[in-house]
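For reference, the structure discussed in these notes is given below.
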Amino acid sequence: MTGAAFDPLSEVADEDLLARYAAGDQSAARALTLRHAPRVLSLAQRMLNDRAEAEDVTQEAMLRLWKIAPDWESGRAKVSTWLYRIASNLCIDRIRAHKPIYDAEPPDMADESPGTVERLVLDDRARALHTALATLPDRQRLAMTLKFIEERPNPEIASIMDLSVDAVESLIARGKRALAAILLSQRDALGHAGG
């Protein structure tokens, strides 16, 4: 039988992997990295719109996880939630330091082979959405990204952002209104005329 070999660490809980790493098991670190780094990178790239910056944030977040591994307190927070919080804070720090937050290229999109016109319209819409997202205040942008792009539930977003669930819901509601107002002015140009 051919295929990928079974990874015995794929079923091990994050906290257990972190404890194994703290005890010197490098394979546990690899398993945690494979499990979480892609999602952290995705969040950072959506927040920063810069692949190199996002990779730096991901690396820094993972390094911080390795540093705190020996002192990790089981039950306080999920490893994934902690990583998202660290990555989010690192992104906001970079944004506040006036790093570029948007470039002229639209984000990578899955290719399901739409026609040329449809692809251009989709690219324009994606570019408009990401440009509009970049104009939101940092906390609204983070809440909107975690909710609608990373598809995280509100309680997890609240934990990541160190806010109450009500505060997260308020940020999302304000973010949706702000995005609607920004995008409404571009309705015709984005192919939504008359509907």
Scan the side chains in residues 55-67 for donor-acceptor partners under 3.5 Å anywhere in the protein, sequence neighbours excluded, and list what turns up.
residue, atom, partner, partner atom, Å
Glu55, OE2, Arg51, NE, 2.9
Thr58, OG1, Leu41, N, 3.4
Thr58, OG1, Ala54, O, 2.9
Glu60, OE2, Arg64, NE, 2.9
Trp66, NE1, Met62, O, 3.4

Gap separating the CG atom of Leu18 from the CH2 atom of Trp82, nearest 0.5 angstrom | 8.5 Å

Determine whether Val168 and Leu146 make a side-chain contact, defined as any pair of heavy atoms from C-beta on separated by less than 4.5 Å.
-> no

Cationic N near anionic O, under 4.0 Å, Arg141 to Asp138 = yes

Could you tell me whether the side chain of Leu43 reaches within less than 4.5 Å of the side chain of Ser88, counting heavy atoms only?
-> yes

In short, Ala28 meets Arg20 closest at the heavy-atom pair CB-CB, 3.7 Å

In this structure, OG of Ser159 is separated from CZ of Arg85 (nearest 0.5 Å) by 5.0 Å

Check salt bridge (Lys or Arg N to Asp or Glu O under 4.0 Å) between Asp25 and all other residues, then give those that pass, not counting sequence neighbours.
-> none

So, the side chain of Thr33 versus the backbone of Ala29: is there a donor-acceptor pair under 3.5 Å, distance only?
-> yes

Treating Ile, Leu, Val, Met, Phe, Trp and Tyr as nodes and any side-chain heavy-atom pair under 4.5 angstrom as an edge, say whether Ile182 and Leu142 lie in one connected cluster.
-> no

When rounded to the nearest 0.5 angstrom, what is the spacing between CD1 in Ile68 and CD in Glu73?
-> 9.5 Å

Sequence neighbours left out, what pairs pass salt bridge (charged side-chain N to carboxylate O under 4.0 Å, His left out) with at least one residue falling in residues 146-160?
-> Arg39-Glu150, Arg46-Glu150, Arg152-Glu156

Excluding sequence neighbours, so at least two apart, what forms side chain to side chain contact (heavy atoms under 4.5 Å, CB included) with Asp16?
-> Val12, Ala13

Who passes side chain to side chain contact (heavy atoms under 4.5 Å, CB included) against Asp166, sequence neighbours left out?
-> Ser164, Glu169

Taking atom CD1 of Ile149 and atom CE of Met144, what is their separation to the nearest 0.5 Å?
-> 8.5 Å

Enter the distance from Ile86:CD1 to Ile160:CD1 here, rounded to the nearest 0.5 Å.
-> 11.0 Å

Can you measure from CZ (Arg30) to OG (Ser27) and round to the nearest 0.5 angstrom?
-> 9.0 Å

Hey, does Arg35 have a side-chain heavy atom less than 4.5 Å from the side chain of Leu17?
-> yes

Tell me which donor-acceptor pairs under 3.5 Å the side chains of residues 170-181 have, and how far apart each pair is, sequence neighbours excluded?
residue, atom, partner, partner atom, Å
Ser170, OG, Arg174, NH1, 2.7

